[in-house]
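Computed from a prediction, not measured in an experiment: that's the story for all the values here.
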Amino acid sequence: MCLGIPGQVLVIRDDAGLRMATVDFGGVRREVCLDYTPGAGVGAYVIVHVGFAITEVDEAEARRTLDVLRAMADAVETELGEPLP
């Protein structure tokens, strides 16, 4: 099963030609590549799969999805390596 998790872009930077960001997943922060979502800016919500933002979503959808994922704690912990707070 593949799992894409929504998160909010906090900081964007260039890392050796890659557009990278710090993304917040409801309290868990990870480094994410934004190259597949060139329109995503600071404050945007993106769906992340294996370290890559693959699409943008609106805030309401991101929050609904995070609520569902919190209810599926084992799946999220497996994907992120730690539980959502």
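With hydrophobic clusters built from ILVMFWY side chains whose heavy atoms lie under 4.5 angstrom apart, V28 shares a cluster with I5. A single hydrophobic cluster is not seen to contain both L34 and I47; linkage of ILVMFWY side chains at heavy-atom distances under 4.5 Å, directly or through other members, places them apart. Tracing side-chain contacts under 4.5 Å through hydrophobic residues (I, L, V, M, F, W, Y), one never reaches V42 starting from Y36; they form parts of separate clusters.
Of all non-hydrogen atoms in V57 and A62, the two that sit nearest each other are CG2-CB, 4.0 Å. Taking all atoms of both residues into account, the shortest heavy-atom contact from V32 to A53 is CG1-N, 3.5 Å.
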Hey, mind stepping through E61 and Y45 against side chain to side chain contact (heavy atoms under 4.5 Å, CB included) and telling me if it holds? CA-CA 9 Å; E61 181 63 24; Y45 286 83; over 6 Å; no
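No side-chain donor-acceptor contact under 3.5 Å links E56 to the backbone of V46.
Contact of the R29 side chain with the L10 side chain is registered, since non-hydrogen atoms from C-beta on lie closer than 4.5 Å.
We find that R19 and D35 are not joined by a salt bridge, their nearest charged nitrogen and carboxylate oxygen being 4.0 Å or further apart.
To the nearest 0.5 Å, the span separating CG on D14 from CE on M20 amounts to 10.0 Å. Atoms CD and CG, from E59 and L66 in turn, are 10.5 Å apart once rounded to the nearest 0.5 Å.
For D67, the side-chain contact (heavy atoms from CB on, under 4.5 Å) partners at least two apart in sequence or on another chain are R70.
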